[in-house]
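One structure is given here, and the rest of the page talks about it.
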Number of protein chains: 2
Amino acid sequence: MPAQRPRGVSIQDVARAAGVSRQTVSNAINAPHKLRADTLERVTALIEEMGYRPDQSARSLRSGTRRVIAYTTPETDPDNPNALMSGFLEAMVAAAGEAGYRILLVRPRPGQSKARALEDVIAARTADAILLSDVLEDDPCVDYLHETGFPFAVFGRTRPGMPQAWVDVDSAQAMIDMVGLLTSHGHRRVAYLGTSAALPWLRHREAGFRIGMRRFGLVGHEAFVDGLDEVMAVTRDLLNRSPRPTALVLDDDWLAPGAYAAAQAEGLTVGVDLAVTGFNDMPYTRLLQPALTTVRLPLRRIADALVSRLLQSVEEGTPPEAGLLLAGDPVLRASMTTVA
Amino acid sequence: MPAQRPRGVSIQDVARAAGVSRQTVSNAINAPHKLRADTLERVTALIEEMGYRPDQSARSLRSGTRRVIAYTTPETDPDNPNALMSGFLEAMVAAAGEAGYRILLVRPRPGQSKARALEDVIAARTADAILLSDVLEDDPCVDYLHETGFPFAVFGRTRPGMPQAWVDVDSAQAMIDMVGLLTSHGHRRVAYLGTSAALPWLRHREAGFRIGMRRFGLVGHEAFVDGLDEVMAVTRDLLNRSPRPTALVLDDDWLAPGAYAAAQAEGLTVGVDLAVTGFNDMPYTRLLQPALTTVRLPLRRIADALVSRLLQSVEEGTPPEAGLLLAGDPVLRASMTTVA
DNA sequence: CTAGGTCCTGTGAACGTTCATATCATGCGC
DNA sequence: GCGCATGATATGAACGTTCACAGGACCTAG
């Protein structure tokens with residue numbers, strides 16, 4: 001038998017203690033301007049003293065608002081761990097917190113689809129809005145949320161027919177900028193090592209690289225790996241193509257340790273004979289020797305934008321008109337080199 | 001003015017449609033055995049068809065149970081990013097989910113103490129239980145939760161006077177085992193590179209290393225670094241002490257990239273001339289060249305144990321009698337060497 | 001002194017569920 | 001056929017809050 005946990009201080013208790021009505025106490029919290037200064041002070045003092053906080057469930061039931069954002073955590077692939085998630089969540093918790101919202105982590109039960117898990121969240125009125133990340137081009141979750149009209153936002157992008165409630169990094173531009181950065185350091189022969197997974201953001205980076213190469217008139221090759229094991233071999237091969245590259249652009253930081261080792265195996269010293277750049281600014285990139293030049297995602301700005309879009313959808317009932325692209329910040333570290 | 005979101009299907013709607021009472025619908029969900037087979041079938045079919053889910057707030061308000069575990073996310077120090085958090089959270093979400101609970105992320109508002117944030121959670125009846133991690137020896141949060149008697153559990157350890165509702169990795173034993181592993185690979189001279197931060201788990205690892213060294217009769221030196229910048233210099237110095245070590249034990253994976261570079265600077269090849277071991281099995285350790293031998297934390301078992309302890313506290317009202325130490329799994333990778 | 005406004009505060013109802021309990025039907029033994 | 005137990009379903013109340021509105025105090029102008 002579950003132990004009966006004593007209920008806490010209720011609004012009625014405070015009202016009685018203060019000699020006012022429930023509504024007055026409620027107003028002290030939700031609409032302080034409606035109270036006379038002395039009453040307000042007396043009531044708030046008592047609220048503080050008695051440790052009263054409105055019961056979240058009761059408040060939600062009555063007002064219909066939960067002050068909760070549900071986030072469906074993406075399944076992490078052990079082969080390509082989403083080390084980003086930690087930082088992204090951190091930023092989201094902070095941004096949501098400042099707006100008075102909390103993040104609830106939701107995961108489909110075993111055998112349950114992600115869309116079904118969202119259906120539960122909506123039907124059980126667990127959250128006011130839903131946050132998605134790592135969505136694919138034709139993600140069924142987006143379609144489902146679009147149909148229901150439930151407020152949501154996406155870290156990533158949604159396709160044209162869908163609500164444009166998304167915020168993303170301008171990966172293509174960041175790559176163009178990275179090529180520009182290499183150009184300004186004298187590089188002319190730049191190779192690209194990518195991941196072959198069919199993820200939209202990887203394709204954006206690839207496209208950006210190509211645009212940058214054309215724009216700055218550089219030459220180079222591209223190669224793609226399918227898993228960790230291939231990194232060494234493919235990178236060594238890439239470094240041996242002619243013209244031999246002076247810089248190696250990676251589409252993700254996770255390729256860096258392998259690339260460093262491949263360079264060393266080829267007798268090249270990263271940061272001296274070869275420049276290497278990454279993408280994402282994962283925590284460990286600063287630990288590498290030499291530290292990796294990469295693109296930092298503006299996680300806090302992304303989170304702020306997502307929260308403001310979510311709140312707009314919740315409060316006004318209309319999703320944002322257009323997506324928002326935020327610039328990535330290139331971080332120059334020791335893996336960059338200058339070519340005479 | 002906030003748009004009025006239409007309320008969803010209520011228990012009354014289903015009851016009317018099925019021609020039964022509210023209570024019967026409620027029983028179909030919460031106590032199916034109380035219904036006659038045909039009624040149950042009819043009602044559940046209708047529940048499914050109408051997409052009815054009990055309103056979480058109403059249910060919580062009435063029953064007093066939220067099915068939510070609050071987790072106060074530790075502040076991540078940018079200098080020592082807690083890459084572990086991602087994996088731990090993942091495991092917690094999964095473990096809690098299987099028990100029908102969800103994880104709510106809570107963070108103190110700016111200028112608010114962590115204990116105060118917990119007070120809010122408890123007073124507002126936002127969660128049934130609280131999960132803490134990264135607690136220090138005399139963490140005020142633990143004292144506070146102890147006083148209030150609110151159900152909680154800790155990833156880490158609590159000091160003797162406190163409720164022993166904790167689960168932790170037996171870091172000391174893992175270090176002893178690691179020294180044993182090195183011994184079995186023929187190592188006799190082993191150096192220890194630690195982090196000087198005053199964190200309990202680091203001290204457990206250090207103590208374990210010393211016990212292991214004594215037990216296996218090995219010799220070696222210890223050195224500690226205070227920040228990233230010192231790793232190179234301190235490691236090189238350590239490698240030059242006499243007797244020159246054949247293995248280097250790190251107290252955390254994050255030291256590995258620097259240690260690798262230091263070894264290289266000393267003309268040593270990790271995985272050939274020098275064995276290096278880490279702790280935590282962070283995602284990037286597999287990417288290093290050579291891949292790092294390290295200690296994997298049994299995150300899923302930790303999460304399961306934490307959830308079962310939390311539920312015990314919630315349902316029976318009494319915290320567990322004693323803490324639980326789980327063994328870490330040594331992961332043998334290419335950074336290990338064999339000494340003749 | 002009173003009408004009419006402006007604040008401020010109080011009261012009943014409602015949100016959707018589950019608890020406690022009542023009612024009803026059914027089956028069984030005698 | 002009757003009393004009684006058993007199991008299935010229904011009813012009223014309660015959880016703690018906020019909404020909508022009613023009421024009261026106070027002030028000012030006529």
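Letters go in sequence order (proteins before strands), and every chain restarts at 1. Remember, it's a predicted structure, so these values are computed and weren't measured experimentally.
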Restricting both atoms to N or O, compile the protein contacts to nucleotides 10-13 of chain C shorter than 3.5 Å, with distance only.
unit_1	atom_1	unit_2	atom_2	d
C:dG10	OP2	A:Ser21	N	2.5
C:dG10	OP2	A:Ser21	OG	3.0
C:dG10	OP2	A:Thr24	OG1	2.7
C:dG12	N7	A:Arg22	NH2	3.1
C:dG12	O6	A:Arg22	NH2	2.6

Nearest-Å distance for atom pair CZ/P, residues A:Arg66 and C:dC15: 14 Å
Under 4.0 Å: is that the gap between some side-chain N or O of A:Ser63 and OP1 or OP2 of D:dT18? no
Any side-chain to backbone donor/acceptor pair from A:Asp128 onto A:Thr65? Under 3.5 Å, distance only. no
Name all residues meeting the side-chain hydrogen bond (donor to acceptor under 3.5 Å, both in side chains) criterion together with B:Tyr71; count only those two or more places apart in sequence or in a different chain, and write none if there are none. B:Ser133
Taking atom CD of B:Glu41 as the centre, does the number of heavy atoms from other residues, nucleotides or ligands within less than 6.0 Å exceed 12? no
Report the distance from atom CD of A:Gln12 to atom P of D:dT17, rounded to the nearest whole Å. 9 Å
Within this structure, what is the CG-to-P distance between A:Asp13 and D:dC15, rounded to whole angstrom? 11 Å
Counting only heavy atoms and a strict 4.0 angstrom limit, can you tell me which residues of residues 28-45 of chain B come near DNA chain C? B:Asn30
In whole angstrom, what separates B:Arg53's CZ from C:dT17's P? 12 Å
Looking at A:Thr158 and A:Pro163, would you say the former's side chain and the latter's main chain have a donor-acceptor pair under 3.5 Å? yes
Donor-acceptor under 3.5 Å (B:Arg66 side chain, B:Gly64 main chain): yes
Atom CG of B:Asp55 and atom P of C:dT18 are separated, to the nearest Å, by 10 Å
Any side-chain heavy atom of A:Val25 sitting closer than 4.5 Å to one from A:Val20? yes
Distance-only donor-acceptor check, side chains B:Thr24 and B:Ser21, under 3.5 Å: yes
With distance as the sole test, does B:Asp304 use its side chain to make a donor-acceptor pair with the main-chain N or O of B:Ala95 at under 3.5 Å? no
Please state how far atom CD1 in A:Ile11 lies from atom P in D:dG16, giving the value in whole angstrom units. 11 Å
